[in-house]
Amino acid sequence: MTAAHATGHLSRSCANEVPLCTAAVAASLLLMGCQSKRDIFAQFDAGYPLSEEQLASYYKRLGIEHPMPEGMLGRERTIERFCHYYES
């Protein structure tokens with residue numbers, strides 16, 4: 001541990017790197033939130049079996065405005081139709 005770390009003071013070079021690290025973390029978080037529909041479709045196709053919570057998450061992430069049907073099978077089929085519509 002350096003004296004700067006022990007005292008809690010950062011050198012000027014370290015202090016200049018903190019905003020860059022913060023910006024990089026913020027950018028990666030924003031990119032995770034801006035996932036493309038194609039990426040979400042791929043996750044959906046690879047994610048069987050799915051829980052009710054996961055299906056609800058896919059509805060929200062894909063922006064499906066139609067009310068979720070009752071039952072797991074109906075929800076999965078609705079998402080599959082939505083994905084098929086946008087892939088063609």
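In this text, all values refer to a predicted model and were calculated from it rather than measured experimentally. Position 1 is the first residue of the sequence; numbering continues from there. Just so it is clear, the values below take in all heavy atoms, side chains as well, and ignore hydrogens, waters and symmetry mates.
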Would you please test F82 and H66 for side-chain contact (heavy atoms from CB on, under 4.5 Å) and show each step?
CA-CA 10 Å; F82 187 83; H66 186 273; over 6 Å; no
For L62 versus K37, what's the shortest heavy-atom pair and its separation?
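That would be O-NZ, 3.1 Å.
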For the residue pair Y58 and I79, what are the closest heavy atoms and their distance?
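Heavy atoms only, the tightest pair is CB-CD1, 3.7 Å.
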How long is the gap from CD1 on I64 to CG on L55, to the nearest 0.5 Å?
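Rounded to the nearest 0.5 Å, the CD1-CG separation comes out at 10.0 Å.
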Between SG of C83 and CD1 of I40, what distance do you get to the nearest 0.5 Å?
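It is 9.0 Å, given to the nearest 0.5 Å.
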Going by the rule ring pair (Phe, Tyr, Trp, His ring centres under 6.0 Å), which residues pair with Y59 if we only count those two or more places apart in sequence or in a different chain?
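Once residues adjacent in sequence are excluded, Y59 has no partner under the ring pair (Phe, Tyr, Trp, His ring centres under 6.0 Å) criterion.
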Apply ring pair (Phe, Tyr, Trp, His ring centres under 6.0 Å) to F41 and list each qualifying residue two or more places apart in sequence or on a separate chain.
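So F41 forms no ring pair (Phe, Tyr, Trp, His ring centres under 6.0 Å) with any residue.
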Pairs satisfying salt bridge (Lys or Arg N to Asp or Glu O under 4.0 Å), at least one member in residues 56-78, at least two apart:
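Qualifying pairs: E52-R75.
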For the hydrophobic clusters of this structure (ILVMFWY residues joined by side-chain heavy atoms under 4.5 Å, transitively), does one cluster hold both Y85 and M68?
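Shared cluster, yes.
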Any donor-acceptor pair under 3.5 Å linking the side chain of T78 with the backbone of G74?
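Checked: pair present.
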